[in-house]
Amino acid sequence: MTWLVTGGAGFIGSALCHYLADVSDAPIIVVDKLTYAGNRASIEGLEATGRLRLVEADIVDQSRMTDLVAETRPAAIFHLAAETHVDRSIDGPADFVSTNLGGTGAMLEAARAYHGGLSGDQRDAFRFVHVSTDEVFGSLGEEGAFRETTPYAPSSPYSASKAGADHLARAWHHTYGLPVIVSNCSNNYGPRQFPEKLIPLMILKCLAGEPMPVYGSGLNVRDWLHAEDHARALLIMAQTGTPGETYCVGGGAERTNLQIVETICRLMDERFPEAAPHQRLITFVEDRPGHDYRYAIDAGKIHRELGWTPARDFETGLAETVDWYLANDSWWRPLQERVYRGQRLGRTA
Ligand code: NAD
């Protein structure tokens, strides 16, 4: 029995691989194209101990994916590979359409061919866990929260491509009986997140003493969940979730972007008092085009039905994350040199 993780060299995918290695003995197979967002350093420790094998491949490659799934015979496929950076989806949406729609279609077809050949307990136990985002639901006002019945209203090329992928995943369940489970999760944070996302970007800007660029007024609200809590939710879904169901996953930690940045500044003041106050680095910049105002998740269903709740409180998790970036410059410095230096992306004009 193996676990097959697409996108396992990415942020949440690598958190899932580390979690699976901690709690199970099954071999882990990662399929990842190692795009700018994929980082072999995030999983090389697991590769070195023989717990994980990386297959460098594009999920859009249908015949390769069909062969890979047949050869590795997974107990579950965790499908996380995606183009995920909203600002990049504004600059260049084509890869988002190709990977998020075409790649998801190819993984579903590969899983369908494999599942069709299974019998008995193996067939009953197999799951395809499709990992999606709360961004497919669009934007909330001051009140309310997304739940499994909320209609889709995506607003960025990223969220629209993820919404399309979710529809494909559900259609493969309804039409072909593929045991698909869909997860719609809120913003994740934690170690090994690509430094273009809010939290690592702000930590590294703050550390460098550079302006910390806050979009618009900084009042956009996100609900934050530690990636390890997300990983635990995904395994629970694979083991006890109901095929065909969707589960909304969230941390119950709503914060404005500005609150996040101010908290990072406070944590950095404690660690580097000689450079305090770091808040002087906060700089308001032109907003993201079409920036959704607020996301919030009602995670009641996964709590009631599968017994999942987040284990880490946000303030502790954020402080640990700051410390992880401070201790692991060998992970992020090469990315700054080779891939992304913290420049502004995602402006339409
Ligand atoms: P990420 O960008 O850090 O990682 C994506 C991984 O997919 C990378 O390793 C990349 O190399 C790989 N990849 C991209 N295109 C590929 C292709 N064509 N073939 C094979 N591999 C490819 O993303 P993440 O933040 O870890 O997100 C993982 C999943 O979780 C995504 O599906 C995303 O939509 C979803 N999600 C993310 C968040 C979040 O806050 N980051 C929240 C909810 C859901």
Side-chain angles (χ1 to χ4, degrees), residues 4-18 29-43 54-62 64-65 68 77-89 94-107 110 129-137 146 154 156-166 169 182-201 222-231 233-234 247-251 253 260 295 297 299 321 332 335 339-340:
L4 181 59
V5 180
T6 76
F11 163 48
I12 302 169
S14 61
L16 175 63
C17 291
H18 285 275
I29 314 294
V30 163
V31 53
D32 200 297
K33 189 180 169 184
L34 297 181
T35 67
Y36 69 92
N39 191 347
R40 196 164 191 161
S42 298
I43 47 172
L54 170 66
V55 178
E56 197 175 332
D58 190 334
I59 57 162
V60 172
D61 184 342
Q62 180 68 76
R64 183 106 192 255
M65 290 307 109
L68 181 71
I77 297 175
F78 296 95
H79 175 43
L80 293 93
E83 288 286 343
T84 67
H85 293 76
V86 177
D87 288 334
R88 286 181 195 250
S89 84
D95 285 347
F96 288 72
V97 174
S98 168
T99 290
N100 297 358
L101 289 166
T104 298
M107 288 311 304
V129 179
H130 172 71
V131 180
S132 188
T133 161
D134 60 356
E135 302 195 25
V136 297
F137 299 121
F146 301 131
S156 72
Y158 163 62
S159 54
S161 65
K162 289 297 291 185
D166 296 8
V182 177
S183 137
N184 292 107
C185 185
S186 62
N187 274 44
N188 281 220
Y189 73 97
R192 304 181 214 92
Q193 186 170 29
F194 188 73
E196 194 177 307
K197 296 282 177 93
L198 180 73
I199 289 176
L201 178 73
R222 301 291 181 262
D223 172 5
W224 293 92
L225 178 71
H226 196 281
E228 199 177 289
D229 277 325
H230 188 184
L234 295 174
Y247 299 94
C248 281
V249 186
I260 299 281
Y295 305 142
I297 286 276
T321 302
W332 52 262
L335 297 178
V339 191
Y340 177 68

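For ligands, and for the atoms within them, numbers begin at 1 and follow the listed sequence. Counting from 1, the numbers follow the sequence of the chain as shown.
S186 O, 3.2 Å is the protein heavy atom nearest to atom 42 (C) of ligand 1. Atom 11 (O) of ligand 1 has as its closest protein heavy atom D32 OD1, 2.6 Å. Looking at atom 23 (O) of ligand 1, its nearest protein heavy atom turns out to be T84 CG2, 3.2 Å. When only non-hydrogen protein atoms are considered, atom 21 (N) of ligand 1 lies nearest to K33 N, 3.0 Å. With respect to atom 28 (C) of ligand 1, the closest heavy atom belonging to the protein is L80 O, 3.5 Å. Among protein heavy atoms, atom 26 (O) of ligand 1 sits closest to I12 N, 2.7 Å. Closest to atom 5 (C) of ligand 1, if we only count protein heavy atoms, is A82 O, 3.5 Å. Looking only at protein heavy atoms, the nearest one to atom 34 (O) of ligand 1 is Y158 OH, 2.6 Å.
The shortest separation from a heavy atom of H85 to ligand 1 is under 4.0 Å, placing the residue in contact. S132 counts as a contact of ligand 1, since one of its heavy atoms falls under 4.0 Å from the ligand. Within the structure, ligand 1 has A9 among the residues with a heavy atom less than 4.0 angstrom away.
Where the criterion is an N or O separation shorter than 3.5 Å, residue side chain and backbone included, T99 meets it with respect to ligand 1. Ligand 1 has no nitrogen or oxygen under 3.5 angstrom from a nitrogen or oxygen of V60. Checked against a 3.5 angstrom limit, the closest N/O atoms of D58 and ligand 1 fall inside it. Every N/O-N/O distance between A81 and ligand 1 stays at or above 3.5 Å.
In this structure, OH in Y158 is found 14.0 Å from CZ in R88, a value given to the nearest 0.5 Å.
If you number the atoms of ligand 1 from 1 as listed, the ones under 4.0 Å from a heavy atom of V131 come out as 30 (O), 32 (O). Ligand-side atoms of ligand 1 in range of N187: 40 (O), range being under 4.0 angstrom from any heavy atom. With ligand atoms numbered from 1 in the order given, ligand 1 contributes 31 (C), 32 (O), 33 (C), 34 (O) to contacts under 4.0 Å with heavy atoms of K162. Counting the atoms of ligand 1 from 1 in the order shown, those under 4.0 Å from a heavy atom of T35 are 10 (C), 11 (O), 14 (C), 15 (N). Within the listing of ligand 1, atoms 43 (C), 44 (C) sit less than 4.0 angstrom from a heavy atom of T133. Those atoms of ligand 1 with a heavy atom of G7 less than 4.0 angstrom away are 6 (C), 7 (O). Ligand-side atoms of ligand 1 in range of C185: 42 (C), 43 (C), range being under 4.0 angstrom from any heavy atom.
Contacts between H79 and ligand 1 below 4.0 angstrom, taking non-hydrogen atoms only, are absent altogether. Within the 4.0 Å heavy-atom criterion, the part of L34 lying near ligand 1 is the backbone and not the side chain. Counting heavy atoms under 4.0 Å from ligand 1, residue A57 touches it through the backbone alone. When heavy-atom distances to ligand 1 are checked against a 4.0 Å cut-off, W224 has no atom that comes that close, whether in backbone or side chain.
The nearest pair of heavy atoms linking I43 to S14 is CG2-CB, 3.9 Å. When every heavy atom of M65 is checked against every heavy atom of I59, the shortest pair comes out as CG-O, 3.5 Å.
Cation-pi geometry between R192 and F11 is not met: the NZ or CZ atom fails to fall both under 6.0 Å from the ring centre and inside 45° of the normal. Remark: R222 fails to qualify as a cation-pi partner of Y189 under the 6.0 Å distance and 45° angle criteria applied to the six-membered ring.
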Yes or no on side-chain contact (heavy atoms from CB on, under 4.5 Å) for V55 and I29, after CA distance, side-chain angles and deciding distance? CA-CA 7 Å; V55 178; I29 314 294; 4.0 Å; yes

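In this model, a donor atom of one side chain and an acceptor atom of the other lie less than 3.5 Å apart for T104 and H79. No hydrogens or angles considered: nothing links the side chains of N187 and D134 as a donor-acceptor pair under 3.5 Å.
Applying the ring pair (Phe, Tyr, Trp, His ring centres under 6.0 Å) criterion to F146, with sequence neighbours excluded, gives F137. With sequence neighbours excluded, the residues satisfying side-chain contact (heavy atoms from CB on, under 4.5 Å) with K197 are T84, H85, Q193, P200.
Under the 3.5 Å distance criterion, the side-chain polar atoms of D223 are matched with a main-chain donor or acceptor of A253. Of the possible donor and acceptor atoms, one in the side chain of N188 sits under 3.5 Å from a partner among the backbone N and O of S186. Side chain of T99 to main chain of E83: no donor-acceptor pair is present (N/O by atom type, distance under 3.5 Å, no hydrogens or angles). Within the 3.5 Å criterion, the main-chain N or O of P154 finds no donor-acceptor partner in the side chain of K162.
The side-chain heavy atoms of L201 and E196, taken from C-beta on, include no pair separated by under 4.5 Å.
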